[in-house]
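Every chain is numbered from 1, with letters handed out A, B, ... down the list of sequences.
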Amino acid sequence: MSDSVSPFRAPPSNPSFPNLEVDILKFWDDNNIYQESLAQRSDAPSFVFYEGPPTANGLPHPGHCLTRAIKDVFPRYKTMRGYRCERKAGWDTHGLPVEVEVGKELGIHSKEEIEAYGIEPFIQKCQQSVWRYMQQWQTLTRRLGFWVDLEEAYVTYHQSYVESVWWSLKTLFERGLLYQGHKIVWWWAQGGTALSAGEVGQGYREVADPSVYVLFPLVDSPGRSLVVWTTTPWTLPSNMFAAVHPELEYSVVRDEELGCELVIASALVEMIAAKLKRELPIVETVRGQSLIGKRYVPPFDAYHKTLGEATGELTTGETEHKLWRVVAANFVTTESGSGVVHQAPAFGEVDYDVLIEEQKRFVESDRPELLCAVGPDGKFTDEFPEMKGVWVKDADKPLARTLREAGRLLLLDQYLHDYPFCWRADEDPLIQYPRRSWFIRTTRFRDLMLKNNSQIGWQPEHIRDGRFGNFLESNVDWALSRERYWGTPLPIWVCQETGRMEAIGNYDELLAKPGIEGTEVWAKAKAENPELADDLRVHKPYIDAVTYDSPFAKGARMKRVTEVIDCWYDSGAMPFAQWGWPQQNNDRFQDQFPADFISEALDQTRGWFYSQLAISTMLFGEGSTITENSTNENSTNKNSTNKAAPNFAEQAYPHPYRNCIVLGLMLGEDGKKMSKSKKNYREPSEIFDKYGADALRWFFFAGQPPWTAIQYREQSIKDSIPEFLLRLWNVFSFFSIYAAIDGFDPTSATKADDQLTPESLSSAPTYRDVNERSEIDRWVLSELDHTTEVVVSCMDELDNYNACQALSAFVDALSNWYVRRSRDRYWASEKASQDKYDAYWTLYETLLQTTKLVAPFVPFLSETLWQHLTHPFAGGTRKSVHLCDYPVADASRIDTGLSTSMKLLREIASLGRSARAEAKLKVRLPLSKVEVVLADESEIAWLKTHDSLVREELNVKAVDYTTDGDQYVQYSVVPNFKRLGPRVGKNMPVVKKMLAETDGNTLLTALAKDGFVSIELPGAETLKLDNEDIEVRLQAKQGWAAAQGSGSVVVLNTEVTDELRQEGVAKDLIRTIQNQRKEMQCDYTDRIVVGVVSDEEDVKAAVTMHRDLICGETLASKLDLAAVASVDPVETEFGQVYVQVEKS
RNA sequence: GGGCGUGUAGCUCAGUUGGUUAGAGCGCGUCGCUGAUAACGACGAGGUCCCAGAUUCGAGUUCUGGCACGCCCA
């Protein structure tokens, strides 16, 4: 090799990965590596990734690290595989959480307070507040190595984004898919606002409510009443129906005290009788079905006096009373109550569904209308004059009293249950309350959504038919509107005179309306505060001020509805709205739709996964047509691409995403949900500082499949360092040290290309064809290419876990077999031997390829390795490993036979060590022989050529292989179950028994002679078994120092001769002396003088016989069987050992 | 209450279409190496595969019913 100074830099021996990572971040920034990785693929086929927009309105936590790591690894991989993978960041910026944050800041929380504060300054604050934690998000994203275009991020409050959403809503509106209806919400009456499910969930606590059993007298059966149970007496005035389960049995019982008959579910009669403390003899029993349709008198007559006899026409042409009938409902149970359920659809979502079902039975003009005697303030309205102005919860007692006085109260009791209170005002109970709301008719698309879903590649697969599929099956119309302030305004304008409506698709379209007024509100605000983001002009309150002439009635004005929309709709519109499509960027949208890959956590099933699928199916699915804004001739289409709005009806499912990895929930150290108060997790920044981003990433990728619930364990993150990162580093470090010593110069490959592919390195004069290299070289390269094959096929299937398993196993084999077995080849004193060149080239190539393989997973470490490994080329190679192509397996290098043989060899070495340990014969003590018994001969010839390796590993003088190991081994023959199962079936246990009972050796002999053995089955049937049909197992006999593996048994010759023992002592002495050298902190070139004083003959003999060996190994210039003056001896089992450093 | 998922070694987790010796890492124990060295390696102990039934020649794996935990929805 060249005598010039090695171009390799010696790497730090104990690297600080966190520090190296920070350097790499700077390197990437300084050199625009990410941008270049994209530019390099500008003409490549695209692999489309969508970023599910996080909300920057909260701190990022470890769960987000997982999401962002997974979102990073596949785009990186695909990019290296030759695709163009753009990664546009995005931020979710609208919604209640933002309003709440701002409210906290301002010390206000009710809607009244917000309005008192002023909507205009409030939403301005919202817009500013969205970025509250932006810095942390960006820092985390960058530090984790998540490559994404933060500068080009889409933002849901941007005008272009809002306009895309408007366009889609207008499309839906014009297709008749938007409508107004009621939605029963959890309502905070005092604050005048609905609460989200999450908020409601926070406020449950146990309370005692009245439990009343009320009589509903049946109209057509005088003296007979339904018994109805409720814990909310205040809902009784708004009663509309009573529900029974058609399949349940009901009893008519006689109540002597009241002098009437009661209808109660049979299963509950006893319970109610016990509460009443009186007998309720059964008069008759009936099925729920027979009660259906029976009319009753409601407990209060507020509505009854006018509507009591109201009838309507059914769709069947018949006539039926609209209200106060018994209806069927299968949610009725007999767990509590009476089995007859009071229905006040205004105050219960389930009850409301019953009303909807009832309404559907009637012709449209004759439907029962919702009864609601309570106002949004939670107080009775004049529809129930008796209690007008009374807060509902205060009405419970007086209502019960009224019922009692009217003889309608069977029983008053108390009932303990959990009931939600407002989390912001915990004295305020929430009530369910109907609100006018806008809906999207998603139910009409249920089957198409299911069809679309069925084509999506879900990871894990059970999401498709499980959680997500079920959710789609039970689809209900999307409640779109929110009575809030900070959100995308619902773009519907209403004629103030006729109530007719139209949707607006973008801001210019609005401005072009005739008689436009109100735009000055925005102009004024902007003039007063030029800093205001222009995007705010499409938000409340500015947009609300904009009105125009009604096309429906002369002189009337069009005014926007007041609502904003659900921010899930924002995020679901992201596939087109991120581009501002269709107003602009048609080509970008066309290119980037649908996504090949998205990933979020499980909680997005009903969130982003759904909102995207629903919107895409409605807009671009089968049967949909995209209409041009033809009615709006004034709209200024700045971009001609707007005209080219495609018809996506032809777009094959699935869209808008083809593959989705659903990540499991991340749990804290204690296996519980992560929570700041419990402090059961580490802050990401601490992890980065202590262990580095690669350690965290590897923990995510290699620890478990990503969809399992992951327990965040600091120890596991820490473990990824020695298990993988450091192990790989050590191999590299080993290589660098010796490459530097020997002056190994890869630049001698004059035709080396900029990715240092093996083909191009072969131009080096010292580079030999792999086939000519030693076996271990061929072996490691075979393993490398096999690993490459596995990793590529896993990653193509989005399976990071098994890809990492393969990588981990390979790095282990590289470190613990290849390098270990090859060390002396690098130490060889001959600098220019071909074997040494082979060793260097093999390890160099292996490291290069491994570095590329691990690049998507551990981008920092791989970059560091790449920089070092390519350093000799002084800039002639690609600047970054991330600009390289992903390795492709070279099938010609994969030698499965060699792989199998080597595996057996390693097993034999391992068994030998095991046998030694068992027999308490330490490896340092040489043994004369091992005998290896194999099940068959196929590998013997190959193994024999590796005797020296086995001798060395096991420290024995000789190795013998045999298949005839009767002496040591018991043969047993078992059937090959998998093969014979189908053929033998029920007789399998018999076959197994017969094979076991026959002498193994006899069978094997017969098999060898005839190629088959015959077995007589009980049914006089003869079974011929060839050697594929059976499996030979070896079992070491007792009394031998032996260990057995799957196909081999290793037997030790335990006879220890004097010679062997003395050699063992010599090796022990060497070790003792080496330890002493270390104690004395010798430099490894220091010469020493050694003295050994012992009474034992073996020790004396060992020193005499093996003086050269001992001196050579320990760099001793002198070794005597005498004390060394002025040195303290170490006491050992061999006597006293003196070691002194020689004065130079 | 419904849906979905999970339950395998002390801990964290793998386990391919059912095939008869259930794996890994950590931890623990023993030993080794000392020219990758504040590292490293080998070997070992440790398992009623949550429980009970069923299907099957054969079940950690399929089915049914429980139990426990988690998530989502009521």
Side-chain angles (χ1 to χ4, degrees), chain A residues 11 13-14 197 201 331 333 335 349-350 460 462-463 465-471 473-474 601-603 605-607 662 664-665 667 669 671-673 699 702-705 707-713 715-716 718-720 722-724 726-727 729-738 741 801-802 805 808-809 812 815-817 819-820 823-824 826-827 909-918 920-924 953 955 974-992 1031 1033 1035 1043-1046 1067 1070-1071 1073-1075 1077-1078 1084-1085 1113-1115:
Chain A
S13 59
N14 54 339
F331 56 77
T333 69
E335 289 193 359
E349 215 175 328
V350 180
H462 61 72
I463 298 288
D465 297 323
R467 200 174 272 235
F468 196 59
N470 287 337
F471 176 62
E473 292 275 0
S474 56
L602 187 65
D603 57 0
T605 314
R606 285 148 194 269
V662 185
L665 231 85
L667 305 172
E669 295 265 1
K672 303 241 168 70
K673 214 171 171 173
F699 161 68
Q704 56 280 307
W707 47 83
T708 53
I710 295 176
Q711 203 158 320
Y712 193 71
R713 285 178 78 230
Q715 186 59 43
S716 304
K718 191 177 171 184
D719 287 344
S720 28
E723 271 171 31
F724 185 72
L726 194 57
R727 189 172 282 167
W729 179 270
N730 283 339
V731 173
F732 156 71
S733 166
F734 175 88
F735 168 81
S736 304
I737 289 169
Y738 293 103
I741 290 172
Y801 174 73
N802 283 301
Q805 296 295 300
S808 204
D812 182 68
S815 169
N816 289 325
W817 193 248
V819 172
R820 189 158 73 84
R823 272 196 279 212
D824 52 6
Y826 301 91
W827 300 339
S910 170
L911 289 172
R913 282 188 289 263
S914 172
R916 270 183 170 276
E918 187 69 24
K920 300 205 186 307
L921 295 166
K922 54 188 171 187
V923 183
R924 230 180 279 117
E953 284 283 316
N955 192 19
V974 290
N976 179 342
F977 290 96
K978 198 162 186 170
R979 212 173 128 96
L980 287 181
R983 209 163 106 205
V984 178
K986 277 189 197 296
N987 285 321
M988 195 61 115
V990 183
V991 174
K992 183 184 176 186
E1031 206 173 295
R1033 298 242 170 102
Q1035 170 94 42
Q1044 61 192 313
S1046 50
K1067 292 203 169 174
I1070 291 171
R1071 177 181 167 235
I1073 297 163
Q1074 297 286 36
N1075 271 346
R1077 283 184 65 110
K1078 197 180 172 190
Y1084 72 77
T1085 51
E1113 290 285 318
T1114 62
L1115 292 186

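Using a distance-only test at 3.5 Å, with no hydrogens or angles considered, no donor-acceptor pair links the side chain of A:R467 to the main chain of A:I463. A side-chain donor-acceptor contact under 3.5 Å links A:S736 to the backbone of A:F732.
As a whole-Å value, the separation of A:D719 CG from B:C40 P is 11 Å. Rounded to an integer number of Å, the gap from CG of A:L726 to C1' of B:U37 is 12 Å. Atom NZ in A:K992 sits roughly 6 Å away from atom C1' in B:U20 (whole-Å rounding). Look at NE2 on A:H462: it is 9 Å from C1' on B:U6, rounded to the nearest Å. With rounding to whole Å, A:I1070 atom CD1 is found 14 Å from B:G32 atom P. A:R727 places its CZ atom 16 Å from the P atom of B:U37, with the value rounded to the nearest Å. Atom-to-atom, CD of A:E473 to P of B:C4 comes out at 11 Å; the value is rounded to the nearest Å. When the C1' atom of B:C40 is taken as reference, atom CZ of A:R823 falls 8 Å away, rounded to whole Å.
Listed nucleotides: B:C71, B:G32, B:G41. Nearest to the side chain of A:R467: B:C71. Nearest to the side chain of A:L602, among B:A36, B:C57, B:C71, sits B:C71. The nucleotide whose nearest atom lies closest to any side-chain atom of A:N816 is, among B:C72, B:A42, B:G41, B:G41. Of the listed nucleotides (B:C57, B:G19, B:C73), B:G19 has the atom at the smallest distance from the side chain of A:F977. The side chain of A:R1071 approaches B:C33 more closely than any other nucleotide in the set B:C73, B:A14, B:C33. In the set B:U20, B:C26, B:G44, B:G44 carries the atom at the smallest distance from any side-chain atom of A:S914.
Counting any heavy atom pair closer than 4.0 Å across all strands shown, A:V991 reaches no nucleic acid atom. Nucleic acid contact class of A:P722 (heavy atoms, under 4.0 Å, all strands): sugar-phosphate only. Counting non-hydrogen atoms under 4.0 angstrom, A:G703 reaches the backbone sugars and phosphates but no base. Residue contacts shown for A:P705 are limited to sugar-phosphate atoms, with no base heavy atom under 4.0 Å away. Base engagement by A:V731 is indicated by at least one non-hydrogen atom pair under 4.0 Å involving a base atom. Counting any heavy atom pair closer than 4.0 Å across all strands shown, A:F468 reaches no nucleic acid atom.
Where A:R913 and A:R606 each meet RNA chain B at their nearest nucleotide, the meeting point lying more 5' is that of A:R913. The 5' end of RNA chain B is approached more closely, in terms of each residue's nearest nucleotide, by A:N802 than by the other of A:N802 and A:G981.
Across the strands present, B:C69 finds its partner in B:G5; the criterion is a Watson-Crick or G-U wobble pair with both atom distances under 3.5 angstrom. For B:U16, there is no paired base (Watson-Crick or G-U wobble, both distances below 3.5 Å). Here B:G27 sits opposite no nucleotide as a Watson-Crick or G-U wobble pair (both hydrogen-bonding atom distances under 3.5 Å). Nucleotide B:C63 forms a Watson-Crick or G-U wobble pair with B:G53, both donor-acceptor distances falling under 3.5 Å. In a base pair of the Watson-Crick type (N1 to N3 plus N6-O4 or O6-N4) or a G-U wobble (N1-O2 and O6-N3), with each distance short of 3.5 Å, B:U48 is matched with no nucleotide. Across all strands shown, B:U37 has no partner, as no Watson-Crick or G-U wobble contact with both distances under 3.5 Å is found.
With sequence neighbours excluded, the residues satisfying ring-ring contact (aromatic ring centres under 6.0 Å, His included) with A:F471 are A:Y610. Remark: A:D812 engages A:R727 in a salt bridge (charged side-chain N to carboxylate O under 4.0 Å, His left out) (not counting sequence neighbours).
Look at the C1' atom in both B:C49 and B:C13: the space between them is 14 Å, to the nearest Å. When the C1' atom is compared between B:G47 and B:G1, the two are found 37 Å apart, to the nearest whole Å. Between the P atoms of B:G65 and B:G2, the separation comes to 12 Å (whole Å). Rounded to whole Å, the separation between the C1' atoms of B:G53 and B:C71 comes to 29 Å. For the C1' atoms, the distance linking B:U17 with B:U62 amounts to 12 Å, nearest Å. If you take atom P in B:G41 and the same atom in B:U61, they sit 35 Å apart, rounded to whole Å. For the P atoms, the distance linking B:G44 with B:C50 amounts to 26 Å, nearest Å. Rounded to whole Å, the separation between the C1' atoms of B:U16 and B:C11 comes to 26 Å.
A sub-4.0 Å separation between OP1 or OP2 of B:A39 and a side-chain N or O of A:N730 is absent. Taking side-chain N and O atoms only, A:T708 has a distance below 4.0 Å to OP1 or OP2 of B:A14.
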Should A:K992 and A:F977 be marked as a side chain to side chain contact (heavy atoms under 4.5 Å, CB included) after you check the CA-CA gap, both sets of side-chain angles, and the distance that decides it? CA-CA 9 Å; A:K992 183 184 176 186; A:F977 290 96; 3.9 Å; yes

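Residues A:E953 and A:R820 have side chains in contact (heavy-atom distance under 4.5 Å, counting atoms from C-beta outward). A:V662 has its side chain within reach of A:P460: a pair of non-hydrogen atoms, C-beta onward, lies under 4.5 Å apart.
Between the side chain of A:R916 and the base of B:C43, no donor-acceptor pair of N or O atoms lies under 3.5 Å. Scanning atom types as modelled, no donor and acceptor separated by under 3.5 angstrom connect the side chain of A:K978 and the base of B:U20.
Aromatic rings from A:F734 and A:Y826 are positioned such that their centres are separated by under 6.0 Å.
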